[in-house]
Amino acid sequence: MNEIAVENTSDLYAVRVQKLEEMRSSGFDPFRANWDQKHTSAEAIGLYKRDEDQTEVSVAGRIVIFRDMGKACFLKLLDRDGLIQLYVKKDEVGESAYLDFKKWDIGDIMGASGPLFKTKTGEVTVRTQKIGLLSKSLRSLPEKWHGLVDEEQRLRQRYLDLITNQESRNRMIMRTKILQEIRQFLWSRDFREVETPMLQNVAGGAAARPFVTHMNALDCDFVMRISLELYLKRMLVGGFDRVFELGRVFRNEGLSRRHNPEFTMLEVYQAYSDFRGMMDLMRDMVHHICEKVIGSYQVTRPDGVVIDLSGNWREATYKDLIIEATKDPQWFSRSKEEKLKRCSELGIQVDPNLEDFAVTNDVFEKCIEPTLIQPTFVTHIPKELCPLAKLNQTDSSVLDVFELCINGQEIAPAYSEQNDPFIQREMFEKQVGDEKQEMDTDFLHALEYGMPPAGGMGVGIDRLTILLTGASNIRDTILFPTLKAN
RNA sequence: GCCUAGCUAGCUCAAUCGGUAGAGCAGUUGACUCUUAAUCAAUUGGUUCGGGGUUCGAGUCCCCGGCUGGGUACCA
């Protein structure tokens, strides 16, 4: 017996344990029972044409509604497809089976078989002839009408949330479908899915604080990965010239509506492509998901705002957006002091100790990003913001990259990947000077063997799921979000 | 990290000025062989998140702690 059971023993619990004991002493163990489930609820309902057909089905699931009318009962079973109604009548199942059955509870898992019919009120129902108890539930489920609303319990006991809240169940199903369709899409474009280490010596590819852990066998510390980038680029060096990984990364930073310490990242690398190729790939991928999973190119946020993902998406350079927001065509030739002055005129709070480029980026993050609700590729960001991308050939102050913003947040950055080992080292050294990220010298060594020119892209799957499911919080898209021990 | 709100029966929620902690669902017992939050009758169930304090008396007021929500900061 588990700890929760011992701690929270209640009368309700005791009653059900007693029912279980009685079953066992009469020679029946519900946990050893089995059932030949031939149909899901949806499949069964789909088979119905007319009452006269007497279409036989065999279903199984959890009892979520139990309406007892004496010598007949209506109940509803929940299975992976949803709900199906059963009509269990004494005359149909026999007296002794019926008496046993009446002791079953909401929450129990059972099987039922018999012909389909339609009730007076038009609901396709199983006229149950054979029933079996498959697992006894010892705890009462949350209330049927309101479901589980306590946010903490919904997260800590997600299984209860999934049983009671259809919305929650649907959102999680949608997430699995999104993952499946991403794989389908990339496989169809000849990308290979690979797995690279989560335990690393150097956490590279992003500027984030890593989780540190210790390995006993080697008696040394490891860090949990914060991105997939540097290992996937090693794969490019190794000749896997279309490659992706879909996996968890870990960042030891704050939690918020948009941040969970572990989250799912997709990174894609395509040799002989560049950031423009990634634009097409990203748009095609999202369109594919819209078609296969959402069934629409428009998604509606909880507040009613509609985001249109169809067609081509807006493209704007970082510089143009900044100039538009500051209404200052000369912004990029102003001194830092002039920029700060303009910021205060615009009512933007900016830390005066920031470096010049960071002041500008603050303007972007505070004034521009939140306004980019419809999909927008923001291109050519300043070179200081990323050490891993190629400089633009006509304007060496900016990078050949885009950041895709939708719903007021960054969904996916993509680069023309830096493959010059000298420039790469130089960029890293600058970053290290700013204590931004540790240098992965083994990665630099790999680059020296030659990495093909490539486009690369990273997609925050959780944020994409927020967008596509209309969720308002990252925790609504993660089955078991990070929580403090209770 | 900071600000703010919440925590009462298994679940969803009440409880006036500090004065016997209530209801619905679930449970138990009974009635009902087409119900839809089924209905009807009766009924069980409480360490009010934990600890301390003020008071004749605390769910309610004060202090400390825990967990959670919302906001904010950090986060390429």
Side-chain angles (χ1 to χ4, degrees), chain A residues 4 8-16 18-19 51 63-76 83 85-93 98 103 105-107 117-123 125 127 137-157 160-161 163-164 205-210 226-227 229 251-261 263 318 349 351 357-358 361-362 364-366 369 378 381-389 399 401 403 409-410 412-413 415 431 434 436-437 458 460 472-473 475 481 483-486:
Chain A
I4 301 170
N8 296 343
T9 298
S10 67
D11 288 349
L12 297 177
Y13 182 80
V15 166
R16 292 194 178 202
Q18 200 189 334
K19 285 181 180 177
D51 279 11
I63 304 172
V64 291
I65 296 281
F66 199 124
R67 298 194 188 104
D68 181 352
M69 297 189 309
K71 296 184 185 63
C73 300
F74 279 96
L75 36 171
K76 289 200 176 166
L83 294 169
Q85 180 164 261
L86 308 182
Y87 182 51
V88 184
K89 202 160 63 150
K90 189 172 150 190
D91 297 349
E92 296 273 3
V93 297
Y98 191 72
K103 290 182 196 142
D105 292 297
I106 290 174
F117 75 108
K118 210 172 228 178
T119 64
K120 279 204 297 206
T121 47
E123 182 163 353
T125 301
R127 186 184 303 278
S137 168
L138 301 176
R139 297 192 173 276
S140 49
L141 289 178
E143 203 226 18
K144 62 186 173 190
W145 186 241
H146 298 91
L148 191 62
V149 274
D150 181 65
E151 198 61 31
E152 177 176 359
Q153 243 183 313
R154 288 185 56 202
L155 302 179
R156 288 191 192 278
Q157 293 180 273
L160 291 181
D161 182 41
I163 292 168
T164 41
R209 266 178 298 166
I226 57 173
S227 93
E229 180 147 359
R251 295 187 180 179
N252 202 345
E253 283 158 6
L255 291 85
S256 82
R257 231 178 42 184
R258 294 192 173 90
H259 300 83
N260 196 63
F263 62 100
Y318 185 90
Q349 284 202 328
D351 180 356
F357 75 89
N361 202 45
D362 236 27
F364 180 78
E365 283 176 5
K366 288 178 176 156
E369 195 175 307
V378 179
I381 68 172
K383 66 176 191 295
E384 292 86 355
L385 292 176
C386 172
L388 292 156
L399 300 162
V401 304
E403 284 186 356
Q409 57 181 315
E410 189 193 325
Y415 315 145
Q431 291 276 318
D434 300 340
K436 285 265 182 181
Q437 59 177 286
S472 49
N473 195 312
R475 280 188 310 275
L483 294 174
K484 208 163 177 173
N486 206 351

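Per chain, numbering begins at 1; letters A, B, ... match sequence-line order.
Nucleic acid contact class of A/Gln85 (heavy atoms, under 4.0 Å, all strands): base. If you check every strand for non-hydrogen atoms under 4.0 Å, A/Leu255 touches a base.
Closest approach to the A/Leu148 side chain among B/U35, B/C74, B/U12 is made by B/U12 (side chain taken as heavy atoms from C-beta onward). Comparing B/U33, B/C13, B/C32 by their nearest atom to the side chain of A/Val149 picks out B/C13. Nearest nucleotide to the side chain of A/Arg127, out of B/U33, B/A76, B/C34: B/C34.
Taking atom P on both nucleotides, B/U44 is separated from B/C34 by 32 Å, rounded to a whole Å. For the P atoms, the distance linking B/A9 with B/A21 amounts to 15 Å, nearest Å. Using atom C1' as the reference point in both B/A15 and B/G46, the two lie 14 Å apart (nearest Å). Nucleotides B/G65 and B/G71, compared at atom P, are 25 Å apart to the nearest Å. Remark: the separation of the P atoms in B/A73 and B/C2 is 16 Å, to the nearest Å. Across the P atoms, B/G70 and B/G51 are found 28 Å apart, a figure rounded to whole Å. Across B/U8 and B/U29, the matching P atoms stand 29 Å from one another, rounded to whole Å. Atom P of B/U60 sits at a distance of 14 Å from the matching atom of B/U20, rounded to the whole Å.
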Can you tabulate the close N/O pairs, meaning under 3.5 Å, that link protein atoms to atoms of nucleotides 21-29 of chain B?
from  : atom 1 : to       : atom 2 : distance (Å)
B/G24 : N2     : A/Glu143 : OE2    : 3.3
B/C25 : O3'    : A/Lys144 : NZ     : 3.4
B/A26 : OP1    : A/Lys144 : NZ     : 3.1
B/U28 : OP1    : A/Lys19  : NZ     : 2.6

Taking N or O atoms only and anything under 3.5 Å, show me the protein contacts with nucleotides 65-69 of chain B, one pair per line.
from  : atom 1 : to       : atom 2 : distance (Å)
B/C67 : OP1    : A/Lys484 : NZ     : 3.0
B/C67 : OP2    : A/Lys484 : NZ     : 3.4
B/C67 : O3'    : A/Arg156 : NH2    : 2.9
B/C67 : O2'    : A/Glu152 : OE1    : 3.1
B/C67 : O2'    : A/Glu152 : OE2    : 2.5
B/U68 : OP1    : A/Arg156 : NH2    : 3.2
B/U68 : OP1    : A/Lys484 : N      : 3.2
B/U68 : O4'    : A/Glu152 : OE1    : 3.3
B/G69 : OP1    : A/Arg475 : NE     : 3.2

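For the atom pair CD of A/Gln153 and CG of A/Leu160, the computed distance is 7.0 Å after rounding to the nearest 0.5 Å.
Nearest approach of A/Thr119 to A/Thr125, heavy atoms of both residues: CG2-OG1, 3.3 Å. The two residues A/Ala208 and A/Ile226 come nearest to each other via the heavy atoms O-CD1, 3.7 Å. Nearest heavy-atom pair across A/Pro382 and A/Leu399 is O-CD1, 3.6 Å. Taking every heavy atom of both residues into account, A/Ser140 and A/Arg16 meet most closely at CA-NH2, 4.0 Å. Nearest approach of A/Pro481 to A/Asn260, heavy atoms of both residues: CB-OD1, 3.8 Å. Considering every non-hydrogen atom in both A/Lys89 and A/Ala72, the closest pair reads CG-CB, 4.1 Å.
Per the geometry, CD belonging to A/Gln157 stands 13 Å off P belonging to B/G10, to the nearest Å. Distance CG (A/Asp68) to P (B/A41): 17 Å, rounded to an integer number of Å. If you measure from atom CG of A/Leu75 to atom P of B/A37, you get 16 Å, rounded to the nearest angstrom. Separating the CZ atom of A/Arg251 from the P atom of B/C75 is a distance of 12 Å, rounded to the nearest angstrom. Rounded to whole Å, atom P of B/C34 lies 16 Å from atom CG of A/Leu86. Rounded to whole angstrom, the span from the CG atom of A/Leu83 across to the C1' atom of B/A37 amounts to 14 Å. Rounded to a whole Å, the OH atom of A/Tyr318 is 10 Å from the C1' atom of B/A76. The nearest whole Å value for the distance from the CZ atom in A/Arg258 to the P atom in B/G71 is 9 Å.
Between the side chain of A/Lys103 and the main chain of A/Lys19, no donor-acceptor pair closer than 3.5 Å is present. With hydrogens and angles ignored, the 3.5 Å screen pairs no side-chain donor or acceptor of A/Asp105 with any backbone N or O of A/Gly107. Remark: side-chain polar atoms of A/Asp161 are not paired, donor with acceptor, to backbone N or O of A/Leu155 under 3.5 angstrom. A distance-only check finds no donor-acceptor pair linking the side chain of A/Glu384 to the backbone of A/Ala358 [under 3.5 Å].
OP1 or OP2 of B/C11 has at least one side-chain nitrogen or oxygen of A/Gln153 nearer than 4.0 Å. Phosphate contact (OP1/OP2 of B/C75, side-chain N/O of A/Arg209, threshold under 4.0 Å): absent.
Stem regions for RNA chain B, each three or more consecutive Watson-Crick or G-U pairs with both distances under 3.5 Å and listed by first number, read B:1-7 with B:66-72, B:10-13 with B:22-25, B:27-31 with B:39-43, B:49-53 with B:61-65.
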>> Assess the residue pair A/Tyr87 and A/Glu92 against the criterion (side chain to side chain contact (heavy atoms under 4.5 Å, CB included)); give the C-alpha distance rounded to whole Å, side-chain angles, the decisive distance to 0.1 Å, and a yes or no.
In response: CA-CA 10 Å; A/Tyr87 182 51; A/Glu92 296 273 3; over 6 Å; no
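Look at B/C63: its glycosidic torsion is beyond 90° from 0, and that puts it in the anti range.
A residue-by-residue look at A/Leu385 and A/Asp91 shows that A/Asp91 has its nearest nucleotide of RNA chain B further toward the 5' end.
A/Asp91 and A/Tyr98 share no donor-acceptor pair across their side chains, judged by distance under 3.5 Å alone.
No side-chain heavy atom of A/Ile381 sits less than 4.5 Å from a side-chain heavy atom of A/Phe364.
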